[in-house]
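Indexing begins at 1, ligand by ligand and atom by atom, following the structure's order. Heavy-atom basis, side chains included; hydrogens, waters and symmetry copies ignored. Nothing here was measured: the structure is a model prediction, and the numbers come from that model.
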Amino acid sequence: MSDQTLNPFKIAQQQLDMAAEKLRLEPGLHEVLRWPMRELHTHFPVRMDDGTTKVFHGFRVQYNDARGPCKGGLRFHPSETIDTVRALAAWMTWKTALLDLPLGGGKGGVVCNPKELSTTEKERVCRGYIDQVGRILGLTKDVPAPDVYTNPQDMAWMMDEYEKITGYHEPGVITGKPLPLGGSAGRGDATARGGIFTVREAAKVLGLNTQGSTCAIQGFGNAGQFAATLAQEILGSKVVAISDSRGGIYNEKGMDAQKLVDFKLKTGKVAGFDGAEEISNEEILELDVDVLYPSALENVITKDNANNIKAKIVAELANGPTTPEADDILFRNGVFDIPDFLCNAGGVTVSYFECVQNAYNYYWEVEDVHQRLDKKMTRAFHDVYSMQKKHNVHMRMAAYMVAIERVAEVMKLRGWV
Ligand code: NAD
């Protein structure tokens with residue numbers, strides 16, 4: 001592959017091009033959608049603990065705000081590039097549209113290695129970024145959230161800096177905040193819970209009874225651990241295999257999800273769990289189970305192993321676990337794949353609920369959050385499924401088509417094209 005094809009922004013544009021062709025999108029509209037509407041590049045000073053000053057480089061991309069304020073995470077990463085941020089901002093535009101949230105898509109990044117920063121230096125990077133980028137943020141303009149190597153404490157500092165600059169309370173300027181500072185109940189497990197709701201709906205349309213069904217989970221962090229406990233609790237699924245970066249385990253009778261989580265938290269690994277045999281991270285993907293949850297890395301289902309996938313449903317909690325060639329193979333083989341930007345959209349949906357509660361200055365009980373999340377995920381699943389049936393395409397293409405059609409519709413209504 002050439003460098004050009006690996007560029008994430010080029011990939012995002014190609015995905016749009018394919019969906020636009022199927023939708024027969026007007027050329028003018030299609031061209032507008034290929035580009036971010038606005039991007040801010042900043043080079044800001046930060047005082048380091050040793051008294052020296054360093055310049056940090058950051059971005060905020062507002063890809064499209066036709067449907068509402070931009071929404072998307074903020075990453076701190078040493079190899080962050082503007083094209084990665086552009087691609088992620090495009091994907092956020094499609095994701096918010098797919099869930100029918102009244103939001104657009106954005107993304108931000110600072111080029112830095114947070115592991116090399118002290119806590120006080122990290123705080124000053126967060127505040128320095130907001131000093132520059134805050135002018136284009138706001139509850140009605142653009143709302144960041146945590147992403148790779150940023151966390152609720154970082155969001156708290158950023159919100160505080162924003163409020164210091166503006167002089168008024170506006171907690172909804174950022175989501176993923178700690179609970180006492182306006183975070184939403186139910187945010188912790190929202191990604192996995194949303195994914196489980198989509199699996200429940202997929203099982204219904206496929207005529208699969210989830211009670212006593214089997215599942216395998218690759219990756220046992222935030223997404224994977226909640227997927228295990230909630231698959232057991234909501235779907236009545238048996239967790240027969242899990243893995244993490246240090247290896248996998250298998251027990252055909254099923255393993256207690258909470259005990260697995262406790263074991264992982266205590267020992268830092270899943271290998272060695274009582275009564276389970278060890279398997280590799282490659283084998284776990286090819287097990288004969290009802291549902292496979294890739295919940296770790298990108299590009300794990302490829303043209304080399306897609307023909308060996310025996311799961312009836314692949315629920316992509318991870319971002320980008322399936323390559324485009326593998327998508328076609330799974331579709332041909334009748335494996336039902338729930339694409340990442342549908343399956344893992346529970347997180348951004350509860351982030352949106354956080355903004356709504358901040359704007360109300362009134363907070364919901366966790367049960368209300370779960371119920372509203374269920375409604376949003378269920379509706380999005382069936383919108384995609386109907387599109388899939390209508391055009392006989394795989395679920396990922398159908399999801400792009402639903403999302404892009406929605407963004408295009410409001411752009412037309414606004415008279416932008
Ligand atoms: P995490 O860091 O909490 O957990 C990642 C897990 O993957 C760890 O258990 C790690 O050991 C495991 N892992 C790493 N390398 C592995 C390998 N080679 N084989 C098997 N397991 C391996 O991350 P997370 O928040 O759970 O995110 C996991 C995926 O879900 C990512 O793709 C992320 O983008 C996606 N996602 C997460 C959220 C969220 O709210 N947490 C939202 C949307 C998407």
Side-chain angles (χ1 to χ4, degrees), residues 8 71-75 77 84 87-88 91-92 94-96 98-99 105 107 114-115 145-152 155 175-176 183-184 186-198 216-230 239 241-250 257 260-261 263-273 278-287 292-302 305 314-323 338-354 369 373 377 380:
K71 184 90 194 77
L74 178 59
R75 298 152 51 100
H77 201 277
T84 312
L88 292 163
W91 289 323
M92 282 307 298
W94 315 140
K95 196 172 192 172
T96 54
L98 183 62
L99 269 290
K107 205 80 176 189
K115 289 180 187 158
D147 206 291
V148 174
Y149 292 143
T150 53
N151 58 36
M155 300 303 112
T175 59
S184 177
R187 177 64 183 86
D189 69 14
T191 299
R193 188 176 291 273
I196 295 291
F197 291 145
T198 64
I217 302 172
Q218 187 196 45
F220 210 51
N222 174 286
Q225 290 178 21
F226 282 120
T229 51
L230 295 172
V239 181
I242 54 169
S243 69
D244 62 17
S245 56
R246 294 161 75 179
I249 53 168
Y250 175 74
L260 284 169
V261 173
F263 184 80
K264 164 84 181 170
L265 295 178
K266 198 165 141 209
T267 64
K269 58 187 172 110
V270 296
F273 186 72
E278 301 208 349
I279 55 167
S280 73
N281 253 311
E282 290 72 44
E283 286 168 322
I284 196 168
L285 297 169
E286 300 178 10
L287 287 173
L292 170 66
Y293 295 89
S295 313
L297 306 171
E298 58 280 0
N299 299 335
V300 292
I301 304 178
T302 67
N305 65 357
V314 175
E316 297 184 353
L317 287 175
N319 277 315
T322 310
T323 65
I338 308 174
D340 47 6
F341 75 111
L342 169 61
C343 191
N344 68 29
V348 71
T349 303
V350 175
S351 274
Y352 161 65
F353 294 162
E354 184 175 333
V369 174
L373 175 64
M377 298 300 302

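Those atoms of ligand 1 that come under 4.0 Å of a heavy atom in T191, given as number and element, are 38 (C), 39 (C), 40 (O), 42 (C), 43 (C). Atoms of ligand 1 lying under 4.0 Å from any heavy atom of G219, numbered from 1 in the order shown and given with element: 7 (O), 12 (C), 21 (N). Annotation for ligand 1: atoms under 4.0 Å from non-hydrogen atoms of Q218 are 20 (C). Taking every non-hydrogen atom of N281 and a distance limit under 4.0 Å, the qualifying atoms of ligand 1 come out as 17 (C), 19 (N), 20 (C). Every atom of ligand 1 with a heavy atom of N319 under 4.0 Å away is listed here by number and element: 32 (O), 34 (O), 35 (C), 44 (C).
Between atom 5 (C) of ligand 1 and the options G221, P146, G73, the minimum heavy-atom separation is to G221.
Contacts between S295 and ligand 1 below 4.0 angstrom, taking non-hydrogen atoms only, involve the backbone exclusively.
The neighbour count for Y250 OH, taken as heavy atoms of other residues, nucleotides or ligands under 6.0 Å away, is above 12.
Aromatic ring orientation, F273 versus F263: perpendicular (interplanar angle above 60°, classes split at 30° and 60°).
A donor-acceptor pair under 3.5 Å links the side-chain atoms of D340 to the main chain of G320, judged by distance alone. The closest donor-acceptor contact from the side chain of E354 to the backbone of G176 lies under 3.5 Å. In this structure a side-chain-to-backbone donor-acceptor pair under 3.5 Å is present from E283 to S280.
Put simply, atom 2 (O) of ligand 1 has no protein non-hydrogen atoms near it, under 4.0 Å away. There is a protein heavy atom less than 4.0 angstrom from atom 32 (O) of ligand 1.
Within the 4.5 Å cutoff, the side chain of W94 has heavy atoms near those of the F341 side chain. In this structure, the side chains of I249 and I279 stay at 4.5 Å or more apart for every pair of heavy atoms.
Scanning the protein for heavy atoms near atom 18 (N) of ligand 1, the closest one is L297 CD1, 3.3 Å. The single protein non-hydrogen atom nearest to atom 21 (N) of ligand 1 is D244 C, 3.3 Å, given as residue, atom name and distance. Protein heavy atom nearest atom 26 (O) of ligand 1, with residue, atom name and distance: A223 N, 2.8 Å. Among protein heavy atoms, the minimum distance from atom 22 (C) of ligand 1 is reached at S245 N, 3.5 Å. Taking atom 7 (O) of ligand 1 as the reference point, the nearest protein heavy-atom neighbour is A296 CB, 3.4 Å. Here the protein heavy atom with the shortest distance to atom 23 (O) of ligand 1 is N222 N, 4.5 Å. Closest to atom 36 (N) of ligand 1, if we only count protein heavy atoms, is L317 O, 3.7 Å.
For S295 and Q218, the side-chain atoms include no donor-acceptor pair closer than 3.5 Å. At a cut-off of 3.5 Å, with distance as the only test, no side-chain donor of T191 or N344 sits close to an acceptor on the other residue.
K269 and D244 are not joined by a salt bridge, as no carboxylate oxygen comes within less than 4.0 angstrom of a charged side-chain nitrogen. Salt bridge present: K107 and D147 bring a charged side-chain N and a carboxylate O closer than 4.0 Å.
Note on ligand 1: G347 sits outside its first shell, no heavy atom being nearer than 4.0 Å.
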